[in-house]
Colleague: 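For reference, the structure I am asking about is given below.
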There are 2 protein chains.
Amino acid sequence: MRSASVKDVAARAGVSLGTVSNVLNRPDRVSSSTRERVEAAMGELGFVRNESARQLRTGTSQTLAYVVLDASNPFFTDVARGMEGAAEAHGLSLVLCNSGQRPDREAAHLALFAQQRVQGILVTPVDPTSPLLDRTRTLGTPVVIVDRTRHDASFCSVSVDDELGGRLAVEHLVDRGHRRIAFIGGPMEIGQITDRLRGARAAWADAGRPAEDLVVLVTDWLDVAGGREAGARLAGMSSAKRPTAAFCANDLIALGLLQHAISSGTSVPEQLAIVGYDDIEFAAAAAVPLSSVRQPRHELGRAAADLLLDEAGNPDHEHRQVQFTPELVARRSTG
Amino acid sequence: MRSASVKDVAARAGVSLGTVSNVLNRPDRVSSSTRERVEAAMGELGFVRNESARQLRTGTSQTLAYVVLDASNPFFTDVARGMEGAAEAHGLSLVLCNSGQRPDREAAHLALFAQQRVQGILVTPVDPTSPLLDRTRTLGTPVVIVDRTRHDASFCSVSVDDELGGRLAVEHLVDRGHRRIAFIGGPMEIGQITDRLRGARAAWADAGRPAEDLVVLVTDWLDVAGGREAGARLAGMSSAKRPTAAFCANDLIALGLLQHAISSGTSVPEQLAIVGYDDIEFAAAAAVPLSSVRQPRHELGRAAADLLLDEAGNPDHEHRQVQFTPELVARRSTG
DNA sequence: GACGCCGATTGAAAGGTTTCATTCATCGCC
DNA sequence: GGCGATGAATGAAACCTTTCAATCGGCGTC
């Protein structure tokens with residue numbers, strides 16, 4: 001039971017095949033009586049337009065694709081929502097694939113989308129320097145890097161000023177009078193983590209504080225478990241050496257740290273102030289609402305989609321690296 | 001600069017177009033010397049196989065689609081991970097679209113996937129009774145309903161026994177000695193919410209407790225804000241009438257309730273015990289780790305994908321409604 | 001030396017849609 | 001009543017791949 005084609009519809013409605021196509025694509029060009037006849041035939045036959053054939057003929061697709069780094073991190077799903085808005089405004093659909101931080105899956109998804117001839121690919125790559133990105137673009141599919149960046153200007157990208165974010169967090173802690181603080185995050189291979197740390201150190205130095213009073217605790221990964229473990233390490237320090245505040249490289253770490261503090265009877269923020277990063281929904285909803293560095297997630301997604309559409313459609317497109325400004329949201333976890 | 005086609009590759013490699021196709025699809029049929037020549041030509045021309053043309057000719061696609069109800073709920077992203085595993089095992093890709101609970105977007109995504117002739121569509125619908133689902137299947141695309149169900153057996157579906165889940169939660173609270181409890185959730189149009197409530201009431205009755213000692217607080221939606229607000233309502237009750245435990249219809253509600261309790265000085269679980277539902281990652285990581293009814297999220301996704309593949313590939317497929325069994329995970333929030 | 005066989009290669013057809021230059025029909029107007 | 005203009009409908013060509021029956025060339029065998 002092969003599904004009906006325009007030809008079948010045309011036969012049934014007693015019109016030519018071109019007319020059916022006109023009904024589909026330029027309904028104004030067709031008289032209302034035949035239009036109705038054609039539409040009736042479509043209904044009776046259960047006609048579903050074959051997108052492959054359409055796309056083959058026209059060479060254009062109606063979709064943008066986003067290869068997500070980690071679909072279970074709320075940050076990325078919010079970014080994707082911003083993209084959806086932009087795509088919808090242009091009459092396009094956004095489809096997602098999740099790489100789950102696996103380079104092989106990332107590669108497979110990139111290849112699939114390239115073969116599908118999507119209008120363009122948004123990607124938060126496992127490794128932004130991967131030559132696979134260059135290859136994908138060279139082969140004809142526009143690519144925009146999301147929440148990461150290439151230091152040369154070889155790709156369009158959208159990101160947030162992580163150095164400033166680090167700075168904001170530490171300036172806030174300095175304002176609150178802290179004289180010994182911790183930076184918690186890792187792994188240090190991720191450029192953004194080191195940027196945040198650099199900003200943190202700069203702000204600390206600007207405040208005239210000695211470098212050794214900013215303790216760095218490196219975690220294996222940016223998840224809740226890493227935060228808990230860091231909490232245990234903090235608790236193990238002598239009270240003289242123990243920081244009175246912690247700046248965590250993302251909210252998951254901060255939540256883990258908070259959890260450890262509460263369960264071990266450390267009061268937040270009195271004995272330990274905490275600043276997170278990302279301002280995910282759960283940050284405001286934590287037991288002690290978290291201060292956090294907010295990234296404009298929806299704008300990030302929207303801007304990325306807009307850049308991609310420009311790259312895809314504008315003949316004299318130039319690569320741009322958009323950088324957004326983060327913002328500190330002070331809540332109870334810093335007093 | 002149109003991208004190269006098999007014809008271009010064939011010309012460059014000095015072979016026929018059929019041979020190029022053989023290199024792509026049956027590399028064993030082609031001598032290694034010509035194969036190398038063809039592959040070299042592909043590399044030089046930047047050939048990318050046109051998936052639309054392939055699909056048009058063969059009639060088969062390599063993808064499954066999942067229309068997610070709410071991509072920002074970690075529960076659904078975990079379900080999607082289970083689907084990814086099943087898809088990968090069959091050499092297929094899974095693509096996601098988010099309806100964000102908007103029926104119009106759900107409809108648009110269903111239409112898109114049907115036109116793309118994906119192998120099948122997994123969907124957590126806004127409304128499982130929507131005729132759109134029937135229409136999509138009638139028009140030729142297999143559909144499996146995820147985490148919802150049709151009460152007639154008209155569709156394959158996977159879900160979890162919500163009545164049992166409600167039962168487990170309340171039995172646990174009864175075991176803990178609570179004699180007055182609350183059910184918090186809503187809106188009541190969602191079948192699953194009412195199922196959980198029915199199970200809760202049944203267990204309560206089985207324990208010989210009077211119906212009026214199970215207080216129902218209806219929320220507008222299953223989010224953190226709803227939980228906070230319910231917390232305020234609980235706090236407003238006289239201590240004689242105030243329940244000593246709450247069973248929340250999902251973890252987001254439970255987290256909101258927990259947050260309210262902590263910030264208002266109510267100790268958990270001593271003054272208020274809390275059971276959530278879904279057992280999302282943040283449940284275990286909450287300030288007071290949440291007891292919760294765990295749904296087998298990955299299995300749910302995997303089973304859904306398997307059903308879909310059977311419906312798509314097996315000529316004498318019969319619709320099945322798979323129901324999984326939930327499990328109570330006791331943590332600190334219930335003592 | 002002819003024959004048959006086998007693996008390697010070929011090339012035309014098919015798949016469903018869109019496009020566009022043509023044709024057809026109708027109508028108003030001189 | 002004939003003419004041009006206008007609007008509607010037509011149908012062949014093109015998009016790129018895969019498939020499959022047919023051809024080719026080389027080899028071993030009788």
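Just so it is clear, the values below take in all heavy atoms, side chains as well, and ignore hydrogens, waters and symmetry mates. First the proteins, then the strands, lettered A, B, ... as listed; each starts at 1.
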Colleague: Hey, does the side chain of A:Ser31 come within less than 4.0 Å of D:dA9's phosphate (OP1/OP2), counting only N and O?
Modeller: yes
Colleague: Tell me, with the steps shown, if B:Ser61 and B:Gln119 meet side chain to side chain donor-acceptor pair (under 3.5 Å).
Modeller: CA-CA 6 Å; B:Ser61 96; B:Gln119 295 227 339; 5.2 Å; no
Colleague: Taking CZ from B:Arg37 and C1' from C:dT10, how many angstroms apart are they, rounded to a whole number?
Modeller: 14 Å
Colleague: Within this structure, what is the CG-to-P distance between A:Asn25 and C:dT18, rounded to whole angstrom?
Modeller: 4 Å
Colleague: Reckon B:Ser5 has a side-chain N or O less than 4.0 Å from the OP1 or OP2 of D:dC16?
Modeller: no
Colleague: Which whole-number value in Å describes the distance from A:Arg54 CZ to D:dC16 P?
Modeller: 15 Å
Colleague: Roughly how many Å is it from CZ in A:Arg26 to C1' in D:dT10, rounded to a whole number?
Modeller: 13 Å
Colleague: Reckon A:Asn22 touches a base, only the sugar-phosphate, or nothing at all at heavy-atom distances under 4.0 Å?
Modeller: base
Colleague: Which listed nucleotide (C:dT18, D:dT18, D:dT17) is nearest to the side chain of A:Arg49?
Modeller: C:dT18
Colleague: Could you report the tightest heavy-atom contact between B:Ala53 and A:Leu56, atom names first, then the distance?
Modeller: CB-CD1, 3.8 Å
Colleague: Compare the minimum distances between each of D:dA9, D:dC15, D:dT19 and the side chain of A:Arg57, then state the nucleotide with the smallest one.
Modeller: D:dC15
Colleague: Hey, mind stepping through A:Arg148 and A:Gln192 against side chain to side chain donor-acceptor pair (under 3.5 Å) and telling me if it holds?
Modeller: CA-CA 8 Å; A:Arg148 298 285 188 274; A:Gln192 303 183 287; 2.4 Å; yes
Colleague: For B:Leu56 and D:dT19, give me the distance from atom CG to atom P, rounded to whole Å.
Modeller: 12 Å
Colleague: Which is more 5' along DNA chain C, the nucleotide nearest A:Thr58 or the one nearest B:Thr34? Just name the residue.
Modeller: B:Thr34
Colleague: Of the options C:dT9, C:dT19, D:dT18, whose atoms approach the side-chain atoms of B:Val30 most closely?
Modeller: C:dT9
Colleague: Looking only at atom types and distance, does a side-chain atom of A:Thr19 sit under 3.5 Å from a main-chain N or O of A:Val15, one as donor and one as acceptor?
Modeller: no
Colleague: In whole Å, I'd like the distance from the CD atom of A:Gln115 to the P atom of D:dT17.
Modeller: 10 Å
Colleague: B:Phe75 ring centre to B:Arg297 NZ or CZ under 6.0 Å, with the angle to the axis within 45°?
Modeller: no
Colleague: What is the distance, rounded to the nearest whole Å, between atom CG of B:Leu17 and atom P of D:dA21?
Modeller: 18 Å
Colleague: Whole angstroms only, please: what is the CZ-P distance between A:Arg29 and D:dG7?
Modeller: 11 Å
Colleague: Which one, C:dT18, C:dT10, D:dT17, comes nearest to the side chain of B:Val15?
Modeller: C:dT10
Colleague: B:Ser16 side chain: which of C:dT17, C:dA8, C:dT10 is closest?
Modeller: C:dT10
Colleague: Taking the nucleotide of DNA chain C with the closest heavy atom to each, which residue, A:Asn50 or B:Gly14, is nearer the 5' end?
Modeller: B:Gly14
